[in-house]
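In what follows, chains are A, B, ... by sequence order, proteins preceding strands, each numbered from 1.
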2 protein chains.
Amino acid sequence: MPTESPTGKAVRSKRADAQRNQQTVLTAAAEVFVASGVDAPIRQIAARAGVGMATIYRHFPTRADLVTAVYHHQIEACAEAGPNLLDSSDSPFDALRQWIDLFVDFLVTKHGLADALQSDSDRFAALHTYFIDRLLPVSAQLLDAAVEAGEIRPGIQPYELMRGIGNLCVGRDDDPRYDPRRLIGLLLQGLRQPQSP
Amino acid sequence: MPTESPTGKAVRSKRADAQRNQQTVLTAAAEVFVASGVDAPIRQIAARAGVGMATIYRHFPTRADLVTAVYHHQIEACAEAGPNLLDSSDSPFDALRQWIDLFVDFLVTKHGLADALQSDSDRFAALHTYFIDRLLPVSAQLLDAAVEAGEIRPGIQPYELMRGIGNLCVGRDDDPRYDPRRLIGLLLQGLRQPQSP
DNA sequence: TGACAAAGCGGAGCGTTGTTCCGGATATTA
DNA sequence: TAATATCCGGAACAACGCTCCGCTTTGTCA
C-alpha cells in the first residue's frame, strides 16, 4: 500500500516487523540509558531488546539518532514550555528562570546526557545540533523578552547561555558538593540589570 | 647505592635506564597531548617515545598519573600564583579575577583537559583529586579574602566555584560562538555584592 | 493459496583501544 | 666478570564500534 510522502514521491511504509523492532529498541534503549547512561554499549541495548546489533544501526545509524529518538518527547515538551511560561508568568525574567529550571531538570536526570551534548568528540554532533535547532530559538525568545522588559542586560547570546547551562550540568551527578543550580542562579544574578542604574 | 626514604626504609634509587625512559615518555606524552588531546591512545605515546606500552603503564599506572606528571609544573605555578596575586593586587576581588583567568588559560589551552577533569567515568579520578587537593585551598583563600573585604557575597563554596569554572571550559575549544570567559565574567558579576545594599 | 522478490534480520568478523603477562635484555654490584 | 634484581618490549586478551552477508520474514500478485 504505497502512500504519498511530503515530497510527492511515492513511498512504501515500513514493514510491520521493522516498525515493531524499532519500538522495541527504543524501549530497551530508554531502560539501558537509565541504568548505564547514554554511553552504554550497543551490544547491551541489542541484548536487552532481543535483536541483533545491525537492527539498531539500521534504524538509528548513529548513537545520536538513538538518543534523540529516545528523548524526543521530552525535548519537545521543553521547547513548548517556553512560550507557555512567557504567557503565564508575570515577568519574563521569571519565565526564563523557570524554563532554565526545566531544562536543567531534564539534563541532570539523564546520566551523561549533558556530557554527550558537549562532548569533544563528534560522536554526538547530531544530538548537539538537534538540541540547538529546537531549543535555541526558545531561549532566544525568552532572553529577548527579558531584555525588552529591562530585567536583564542585553548582549548575552542565546547559544552561549544554552551551552553554558549545559556545561554546568556536566559530570558526576551524585556529588553533594556540587549543585549546578546554584551556579546557574549566580549566572542569572550576574545577568540582571543593576537595581539602580 | 641505597639511600634513605622519608619513611626511614632503605630504598634503592631507580635504574638509570628507567629514569631515562620515564623522561622520554613524559616528553612524548606532552607532544602527543598537544596534537591529539589527553585522550590519545597509549600506543601512540609509546610509539612516539620509542618504548613499549608496558613501560608507560609501569611508570604511570593510570592515565591520570601521566597527565598529572605532564602538567605538574603548570599546576604548581597556578597554585603559587594565588597568594602572589593577593599580595600584588590592591583588591582581593581583582586577585580572584586574575587567578581565575590564569586557571582558565591553563584549561582551555590543553585540549580535552577540562573534559577529563569532569569526566563521568573515573578514568581520571586521580587527576580530579590532584587538582582539588592543590588548587582548592588557593581558591578558598582568594574567596575568603574577597568576602572579608566585602567585595563578594559569602556562601559560595570553593569546590563549587572550581568545578563550575572547569565545567564552563568543557567542550570544543574552537567554537567562535562560545567563549567560557564571558560566562565566567557573568558568574563573578553575580557573586558581587549589590553595589548599594 | 502459493510462489517470489524485496525488505529486514542476526551475529560473525574486522579494526581500534585498554590492560596484562612473561621471556628476554640490561644495569648494578660484588 | 658473573650473578641477580630490575626493567623492557610486544604478544595476547578483552571490550567495544561498526559492517558485511547469508538467511528469514513479509507483502504482493497471479
Inspect the contact between A:Asp115 and A:Lys110 and indicate whether a charged nitrogen and a carboxylate oxygen are less than 4.0 angstrom apart. no
Length of the line joining A:Arg20:CZ and D:dT25:P, which is rounded to integer Å: 11 Å
Find out whether A:Leu135 and A:Trp99 are in side-chain contact, i.e. whether some heavy atom of one side chain is under 4.5 Å from a heavy atom of the other. yes
A:His59 side-chain N/O to C:dC9 phosphate OP1/OP2 under 4.0 Å: yes
Is there a side-chain polar atom (N or O) of B:Arg63 under 4.0 Å from OP1 or OP2 of C:dG18? yes
Rounded distance in Å - CD1 (B:Ile42) to P (C:dT16): 17 Å
Nearest-Å distance for atom pair CE/P, residues A:Met53 and D:dG17: 9 Å
Less than 3.5 Å apart, any donor N or O on the side chain of B:Thr62 or B:Asp65 sitting next to an acceptor on the other? yes
Less than 4.0 angstrom from a charged side-chain N to a carboxylate O is my criterion; do B:Asp94 and B:Arg97 meet it? yes
With a 4.0 Å cut-off on N to O distance, would you call B:Arg134 and B:Glu76 a salt bridge? yes
Nearest heavy atom decides the nucleotide; on that basis, is A:Pro61 or B:Asp17 closer to the 5' end of DNA chain D? B:Asp17
Write down the distance between CD1 (B:Ile56) and P (C:dT17), rounded to a whole number of angstrom. 14 Å
Roughly, in whole Å, what's the span from CD in B:Gln22 to C1' in C:dA27? 17 Å
To the nearest 0.5 Å, what is the distance between CD on B:Gln74 and CG on B:Asp105? 11.0 Å
Which residue lies more 5' along DNA chain D, comparing A:Gln44 with A:Arg15 via nearest heavy atoms: A:Gln44
When we call it a touch if two heavy atoms are under 4.0 Å apart, what does A:Ala16 touch: a base, just sugar-phosphate, or nothing? sugar-phosphate
With a non-hydrogen cut-off below 4.0 angstrom, is B:Arg43 in contact with a base, only sugar-phosphate, or nothing? base
Starting at OH of B:Tyr57 and ending at C1' of D:dC13, how long is that distance when rounded to a whole Å? 13 Å
Distance test, side-chain N/O of A:Asn21 to OP1/OP2 of C:dG8, below 4.0 Å: no
Taking DNA chain C as the partner, which of residues 26-40 of chain B come within under 4.0 angstrom of it by heavy atom? none
Do the side chains of A:Val38 and A:Tyr71 get nearer than 4.5 Å, heavy atoms only? yes
So, A:Tyr178 and A:Asp173: side-chain donor and acceptor under 3.5 Å apart, yes or no? no
Sequence neighbours excluded and cut-off under 3.5 Å, please list the side-chain donor-acceptor pairs for residues 44-58 of chain A, or say none.
from: A:Gln44; atom 1: NE2; to: A:Ser36; atom 2: OG; distance (Å): 3.2
from: A:Arg48; atom 1: NH1; to: A:Glu31; atom 2: OE1; distance (Å): 2.6

Any side-chain N or O of A:Arg58 less than 4.0 Å from the OP1 or OP2 oxygen of C:dC9? yes
What's the CG-C1' distance between B:Asp65 and C:dG18, to the nearest Å? 15 Å
Kindly determine whether A:Leu113 and A:Leu127 satisfy side chain to side chain contact (heavy atoms under 4.5 Å, CB included), including the steps that lead there. CA-CA 10 Å; A:Leu113 181 57; A:Leu127 182 61; 3.9 Å; yes
For DNA chain D, find the residues of residues 112-123 of chain A with a heavy-atom distance under 4.0 Å and give them by number; none if there aren't any. none
Just to be sure I understand the rule, does A:Ala18 reach a base, reach only the sugar-phosphate, or reach nothing, if contact means heavy atoms closer than 4.0 Å? sugar-phosphate
